[in-house]
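Treat the numbers as computed from the prediction; the structure is a model and nothing was measured. Whatever order the structure lists them in is the order used to number ligands and atoms, beginning at 1.
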Amino acid sequence: MSDVFADLVGQDDAVDTLRRAAASAAAVFHAAHLPPPAATGGPEHDALDDHADADADADADADADADVVGGTAAPDATVVDPAAGMTHAWIFTGPPGSGRSVAARAFAAALQCVHGTGCGVCPGCHTTLTGTHADVRLVAPEGLSIGVGEMRALVLRAASTPSGGRWQVVIIEDADRLTEAAGNALLKAVEEPPPRTVFLLCAPSTHPEDVSVTIRSRCRVVPLRQPSAVAVAEVLVRRDGIAPDVAQWAAAAAQGHVGRARRLARDPEARQRRDAVLAVPRRLTGVGTALDAASALIEAAEAEAAASVAESDAAERAALQTALGAGGTGRGAAGATRGSAGQLKDLEKRQKSRATRAQRDALDRALVDLAGFYRDALTSAWRAPVAPVHTDTAPLAEAGGQKWAPEGSLRRLEAVLECRAAIEANVKPRIAVEAMMLSLWRG
Ligand SMILES: [Zn+2]
């Protein structure tokens, strides 16, 4: 069945949870907006505006459900399945590429679906998935963090009554990048949620460093796991029309990162950059080559980042120029142009900080590739019965594993992981990468 959850790869448990919650949300909605929908699921917008009393009932239902999550409330007769109940705040956790934001968007679509199921074809589903639904807002950090100003403005707008849909949905990608002040602004909204507002947060984990304990305690958690290579390959073949052998290779090489697997399968330059990263271990013959390799790795990450943001930068610029009335003939066009220089400048600033973040992400992916190589060396040295991450460099990894012995492979793997941790802790990337390359060379 192809619906809004179809692209959530290898996440059967999470999809099951979200389907049941969406059904429960639809039940809450219909309990408040009688009569129940016709079997054909015709438009129900009229019901929303004219039933202030019914809205109050819906609030009570939703609150009861939120309490069920906390384990204190009795089952509510108007809710189909109280244990699967709808609640106002959710956190999607999982490793990068596991589909946190895909899951959040799919759930948002299911909440706005006129059939309450996430059919994937009705206007509610369609506009949510294409990012044009009036009651679904997406916050993604433009720089390395989400600031308090942005969050306050968002919370304020989210408190309004849904204009056409069933819920106001706020999706916060990378909620781990909220500043402390922004987190506090969000906490206030999550503690006393507006009746028809749903917050969907995405974060790597529920560790206090990612999401504050107080926000966590108000949310229902949907854990996503790293999808298997088989599941990723299957979706590349089915959805993107990629040849099965290429899909299998890319899925394994991307280590469960769906977007990266697709890029590797489709973009020859992405493959070249990966090849350059995996060539590092055999290039390390001395201090000079180690430092050269560090430069090459950082430059490759910069190139990868530039490629990843170039398209969206151009699209945003074009959209803003259109919005500012370039080519417009309406009465507002002339007035709009006056403020346009400032808005373009703001956009450039946001794009620049996004580029910084993209560089970090690209460098991290390169380090994950490199860690995969040493992991392959280690597992082959141990003769562990597991498939290699990088099938194409498996012979090289095996040769390394024999030369270094398990201890040497493990030390190198640790050097790569320490480099990731150091960059995460704000050590300057070049310094961390140079230190790692020297460790990899010394062994
Ligand atoms: Zn739908």
Side-chain angles (χ1 to χ4, degrees), residues 1-51 54-55 58 61-62 65 78-81 84-90 92 99-138 158 160-173 195-202 220 222 224 235 238-240 258:
M1 186 174 69
S2 185
D3 63 10
V4 293
F5 296 110
D7 284 347
L8 209 46
V9 184
Q11 309 291 353
D12 295 348
D13 291 348
V15 169
D16 188 48
T17 301
L18 296 174
R19 277 190 203 288
R20 291 199 293 159
S24 170
V28 169
F29 177 81
H30 288 305
H33 296 88
L34 295 170
T40 52
E44 290 138 26
H45 298 94
D46 297 341
L48 263 182
D49 301 326
D50 308 330
H51 289 70
D55 271 347
D61 291 343
D65 291 336
T78 61
V79 176
V80 173
D81 180 356
M86 183 53 194
T87 188
H88 284 284
W90 298 72
F92 297 84
R100 298 180 304 232
S101 62
V102 175
R105 275 174 226 230
F107 186 43
L111 290 176
Q112 305 292 18
C113 175
V114 301
H115 306 293
T117 58
C119 67
V121 291
C122 76
C125 285
H126 185 72
T127 53
T128 303
L129 292 179
T130 54
T132 55
H133 197 295
D135 297 327
V136 178
R137 296 176 212 294
L138 181 75
S160 59
T161 305
S163 59
R166 296 148 171 251
W167 308 90
Q168 284 277 8
V169 182
V170 177
I171 302 174
I172 303 175
E173 289 188 341
R196 293 221 156 270
T197 304
V198 182
F199 291 93
L200 308 178
L201 282 59
C202 308
R220 186 163 173 189
V222 180
L224 303 176
V235 79
R238 172 172 57 78
R239 186 186 55 195
D240 303 313
V258 183

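Between the side chain of S24 and the main chain of R20, no donor-acceptor pair closer than 3.5 Å is present. A donor-acceptor distance shorter than 3.5 angstrom exists from the side chain of H88 to the backbone of T197, with no hydrogens or angles considered.
Interatomic distance, T128 OG1 to I171 CD1, rounded to the nearest 0.5 Å: 8.0 Å.
Look at D3 and R19 and you find a salt bridge, because one of the NZ, NE, NH1 or NH2 atoms lies within 4.0 Å of a carboxylate O, short of that distance.
If you put the vertex on the Zn ion (ligand 1), SG of C125 and SG of C113 sit 100° apart, to the nearest 10°.
With 2.8 Å as the limit, H115 does not count as an N, O or S neighbour of the Zn ion (ligand 1). For the Zn ion (ligand 1), the set of nearby N, O or S atoms under 2.8 Å includes none belonging to H126.
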